[in-house]
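Below: the structure, in structure tokens.
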Amino acid sequence: MVTLMSQENMVALVSRTGRHLQRYNKGRRQVVGCIPYRYKITNQTSIEDAGDLEVLVISSQKGKGMLFPKGGWETDESKIEAASRETLEEAGVRGIIESELGQWSFKSKSHDTYYEGFMFPLLVQEQLDFWPEKNARQRIWMSVQEAREVCQHLWMKEALDRFVSRLTSQQSAEEQATPTCAIS
């Protein structure tokens, strides 16, 4: 018996490796990543307070701390494609990538070199049971405050702050745009 499966739900269980396709800008390796997030209440679309929001962090491959998924932006893909690929490979989640949070320059903790990093929010729609780096990393859902405490990179903490600020200001704008009706 043959079972047909949709390729849409299939994931290659091998991460891309090597540096031959890596992008560089003025000698700085370019990396992209995501802040995967979800709302605690199903079908929720905004935050009442930061406690309604959870973010997904992953362990470092070297086992020294937690971070958001990120990795090299390669010459054969867009920034968004690279962010999506890295998040799938490292954290095993897929979803909707939202507009870029910003660009950061940072020095590698393990190499004496500088990087240029870009981060995006990713609203998680699917969490896979099997993904390329499942055996190399742990993934943990936690509150924004917990993630801020455990994240090992200052630039990622800044991206998280920018993300929460964006959500909060969007919520305020939506509340101000909602017409009120007074009955006299």
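Keep in mind that what you see is a predicted model, and the values were worked out from it rather than measured.
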Search all heavy atoms of Ala91 against all heavy atoms of Leu56 and return the closest pair with its distance. CB-CD2, 3.9 Å
Would the number of heavy atoms belonging to other residues, nucleotides or ligands and lying under 6.0 Å from CD of Gln152 be above 12? yes
Would you say Leu123 ends up clustered with Leu101 if hydrophobic residues are merged whenever their side chains have heavy atoms under 4.5 Å apart, either directly or through other cluster members? yes
When hydrophobic residues are tied together by side-chain contacts of less than 4.5 Å, even through go-betweens, does Ile58 share a cluster with Met119? yes
Quick one: are Leu88 and Leu128 in side-chain contact, heavy atoms under 4.5 Å? yes
Closest contact, heavy atoms only, Ser99 versus Arg166: O-NH1, 2.8 Å
State, with a plain yes or no, whether a side-chain heavy atom of Phe68 is found less than 4.5 Å away from one of Cys34. no
Side-chain heavy atoms nearer than 4.5 Å, only ILVMFWY residues, links allowed to pass through others: does that put Tyr37 and Val164 together? yes
Output the distance between atom CG (Leu53) and atom OH (Tyr39), rounded to the nearest 0.5 Å. 6.5 Å
Shortest non-hydrogen contact between Gln30 and Asn25, atoms and distance: NE2-CB, 3.6 Å
Name the orientation class of the two ring planes belonging to Phe106 and Tyr115 (parallel below 30°, tilted from 30 to 60°, perpendicular beyond 60°). parallel
How close do Met142 and Val150 get, heavy atom to heavy atom, and via which atoms? SD-CG2, 3.6 Å
Lys/Arg N to Asp/Glu carboxylate O, Arg28 vs Glu116, below 4.0 Å: no
Closest approach of Gly72 and Ala82, non-hydrogen atoms and distance? O-CB, 4.3 Å
Backbone N or O of Ile80 within a donor-acceptor pair of the Ser84 side chain at under 3.5 Å? no
Would you check if the side chain of Lys79 reaches a backbone N or O of Trp73 as a donor-acceptor pair within less than 3.5 Å? no
Please say yes or no: joined through hydrophobic side-chain contacts below 4.5 Å, possibly via intermediate residues, are Leu167 and Val57 part of one cluster? yes
Keeping the roles fixed (side chain from Arg23, backbone from Glu74), state whether a donor-acceptor pair exists under 3.5 Å. yes
Drop me the distance from Glu89's CD to Glu133's CD, to the nearest 0.5 angstrom. 6.0 Å
Is there a continuous path of hydrophobic side-chain contacts, each under 4.5 Å between heavy atoms, that joins Trp155 to Val55? yes
Please walk me through it: do Asp161 and Arg148 pass salt bridge (Lys or Arg N to Asp or Glu O under 4.0 Å)? CA-CA 8 Å; Asp161 291 343; Arg148 238 191 148 285; 2.8 Å; yes
Does the side chain of Trp104 come within less than 4.5 Å of Leu154's, by heavy atoms? no
Is there a side-chain contact between Cys151 and Met66, using heavy atoms and a 4.5 Å cut-off? no
Compare all side-chain heavy atoms of Trp131 with those of Arg139 and state whether any distance is below 4.5 angstrom. yes
Using side-chain heavy atoms (C-beta onward) and a distance below 4.5 Å, is Lys107 in contact with Asp112? yes
Closest contact, heavy atoms only, Trp141 versus Glu54: CZ3-O, 3.6 Å
So, taking the atom named OG in Ser143 and the one named CG in Asp52, what distance separates them when rounded to the nearest 0.5 Å? 11.5 Å
Does a donor on one side chain sit under 3.5 Å from an acceptor on the other, for Arg29 and Ser108? no
Separation of Phe163 CZ from Thr168 OG1 (nearest 0.5 Å): 9.5 Å
Supply the atom-to-atom distance Phe120 CZ to Lys70 NZ, rounded to the nearest 0.5 angstrom. 15.0 Å
Gln61 side, atom CD; Arg137 side, atom CZ - distance, nearest 0.5 Å: 4.0 Å
